[in-house]
Colleague: 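Please see the structure below; I have some questions.
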Amino acid sequence: MIGNIINAIAVLGVLGAVFGLILAIASKIFEVKKDPREEAILSHLAGANCGGCGYPGCGGCAAAILAGEAPVTACAPAGAENAAAIAEIMGMAAPTGERQVAFVRCTGGVNAKKRYDYVGIADCVAATKVAGGPLECQFGCLGFGSCVSACQFGAMSIGENGAAVVDPEKCTNCGACMSACPRKLIVSVPANPKKVHVTCANLEKGKAAMSVCSVSCIGCGLCEKECKKDAIHVVNGVAVVDYDKCVGCKLCTKVCPRDAIIPVATVEEKEKYKELKKAQAEKAAAAAKAAAEAAKVAEAPAAE
């Protein structure tokens with residue numbers, strides 16, 4: 001009896017060893033060779049698996065970069081230094097360009113009129129399912145924090161005015177908040193603090209925009225007329241900044257009647273600018289008058 005048990009154990013041991021050997025040989029024969037660059041690229045990614053790159057985690061992003069399906073800058077949270085390191089791994093030139101951060105095109109919040117009081121899941125997508133959302137403005141921030149929940153870097157919050165705001169120091173421009181916003185109000189802008197930003201996405205014009213929010217852009221075009229660099233234009237009823245041309249002079253902020261361009265100019269700054277414009281107009285009028293009188297004097301002898 002004991003001998004049979006020993007024989008069975010021995011047979012099982014031999015079979016285990018044989019099958020183990022077969023599996024070891026098969027693993028070598030059918031081994032999928034992995035490019036060592038993939039691991040190197042992965043080591044330079046943020047490791048947050050935030051999904052902002054559009055791929056399934058950092059591993060998927062690394063594979064996409066290696067396959068040439070994604071740029072070396074695909075992982076925004078990794079930053080410029082890591083993007084440069086990835087470019088070197090790929091045998092490419094280091095990418096250049098100004099750092100970008102997320103920006104919410106709305107400061108409505110409590111300034112926007114409500115159609116009803118929403119009671120339900122604190123989620124922007126859920127709120128839009130109820131008659132399109134509680135705001136009169138169909139372009140405004142709902143303020144329920146879907147973007148805040150999506151951000152893994154603590155860069156998003158709901159401000160005192162009830163609309164989402166971005167902390168540019170913490171923002172990595174990963175894009176997660178942009179994907180989470182059902183109204184697509186979050187965009188990438190230069191991190192340069194000298195640049196101006198339009199805080200409205202309302203495509204309705206004039207009275208219609210004014211009726212739903214006290215800080216909406218009304219497409220009046222004063223900013224466009226005042227800009228000396230052709231850096232801001234009214235497009236589809238709302239002002240849009242051309243960041244390649246914007247030099248941060250902030251003249252547009254001083255003439256905006258709705259304070260829809262930040263940094264918002266103070267009352268004192270606006271008054272001083274009005275006085276300056278008035279003085280310039282008076283000087284130009286005086287110069288034109290003097291020129292006209294001089295022309296008359298010059299023409300008088302010729303007439304005689």
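When a residue number appears, it is its place in the shown sequence, counting from 1. Predicted, not measured: the structure shown is a model, and the values here were computed from it.
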Colleague: Of all the heavy-atom pairs spanning I186 and C181, show the shortest one and how long it is.
Modeller: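 Distance-wise, the nearest heavy atoms are CD1-CB, 4.1 Å.
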
Colleague: Do you know the tightest heavy-atom contact between G59 and E38?
Modeller: O-OE2, 4.2 Å

Colleague: Apart from M210 itself, which Ile, Leu, Val, Met, Phe, Trp or Tyr residues share its cluster (side-chain heavy atoms under 4.5 Å, direct or through members)?
Modeller: I218

Colleague: With sequence neighbours excluded, give me every ring pair (Phe, Tyr, Trp, His ring centres under 6.0 Å) pair touching residues 172-213.
Modeller: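 Counting only pairs at least two positions apart or across chains, the ring pair (Phe, Tyr, Trp, His ring centres under 6.0 Å) contacts touching residues 172-213 are F103-H197, H197-Y243.
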
Colleague: Return the SG to CZ distance between C106 and R183, rounded to the nearest 0.5 Å.
Modeller: 9.0 Å

Colleague: From R115 CZ over to Q138 CD, what is the distance, rounded to the nearest 0.5 angstrom?
Modeller: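 The CZ atom of R115 sits 5.0 Å away from the CD atom of Q138.
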
Colleague: Where is the tightest heavy-atom contact between V238 and C200, given as atom of each residue plus distance?
Modeller: CG2-O, 3.4 Å

Colleague: Show the nearest heavy-atom pair for residues A74 and C61, with the distance to one decimal.
Modeller: CB-SG, 3.9 Å

Colleague: Taking the side chain from N161 and the backbone from G109, do they hold a donor-acceptor pair closer than 3.5 Å?
Modeller: no

Colleague: Rounded to the nearest 0.5 Å, how far apart are CD1 of I232 and CD1 of I261?
Modeller: 4.0 Å

Colleague: Find the distance between SG (C223) and NE2 (H233) and round it off to the nearest 0.5 Å.
Modeller: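 One finds 9.5 Å between SG of C223 and NE2 of H233.
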
Colleague: Transitively linked via ILVMFWY side-chain contacts under 4.5 Å: L185 with V165?
Modeller: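 No.
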
Colleague: Report the distance from atom NZ of K254 to atom OG1 of T266, rounding to the nearest 0.5 Å.
Modeller: 8.5 Å

Colleague: Can a salt bridge be assigned to the pair K129 and D123 using a cut-off of 4.0 Å between side-chain N and carboxylate O?
Modeller: no

Colleague: Membership question, hydrophobic clusters at under 4.5 Å side-chain separation (ILVMFWY): are I89 and I65 in the same one?
Modeller: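 Hydrophobic grouping puts I65 with I89.
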
Colleague: Identify the heavy atoms of N173 and S188 that sit nearest to each other, and give their distance.
Modeller: OD1-OG, 2.9 Å

Colleague: K228 versus L251: any side-chain heavy-atom pair under 4.5 Å?
Modeller: yes

Colleague: Distance-only, no hydrogens or angles: does the S146 side chain make a donor-acceptor pair with backbone N or O of C124 under 3.5 Å?
Modeller: yes

Colleague: Checking side-chain polar atoms at under 3.5 Å, does S216 have a donor or acceptor matched by the opposite partner on N202?
Modeller: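 No donor-acceptor contact under 3.5 Å links the two side chains.
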
Colleague: For M90 and L66, work out which heavy atoms get closest and say how close.
Modeller: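 Minimum heavy-atom contact is CE-O, 3.8 Å.
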
Colleague: Do the side-chain N and O atoms of Y273 and E226 include a donor-acceptor pair separated by under 3.5 angstrom?
Modeller: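 Y273 vs E226: donor-acceptor pair found between side chains.
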
Colleague: Are V264 and V196 linked, directly or through intermediate hydrophobic residues, by side-chain heavy-atom contacts shorter than 4.5 Å (ILVMFWY only)?
Modeller: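 Yes, V196 connects to V264 through the hydrophobic network.
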
Colleague: About how many Å separate SG of C147 and CE of M156, when rounded to the nearest 0.5 Å?
Modeller: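 One gets 3.5 Å once the value is rounded to the nearest 0.5 Å.
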
Colleague: How is the hydrophobic cluster of Y116 composed, in terms of its other members, when Ile, Leu, Val, Met, Phe, Trp and Tyr link through side-chain heavy atoms under 4.5 Å apart, directly or indirectly?
Modeller: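 Answer for Y116: Y118, I121, V130, L135, L142, F144.
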
Colleague: Does P257 offer a backbone N or O that forms a donor-acceptor pair with the side chain of K270 under 3.5 Å?
Modeller: no

Colleague: Would you say the side-chain atoms of E136 pair up with the backbone N or O of K113, donor to acceptor, closer than 3.5 Å?
Modeller: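 No; judged by distance alone, with no hydrogens or angles, the pair does not exist.
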
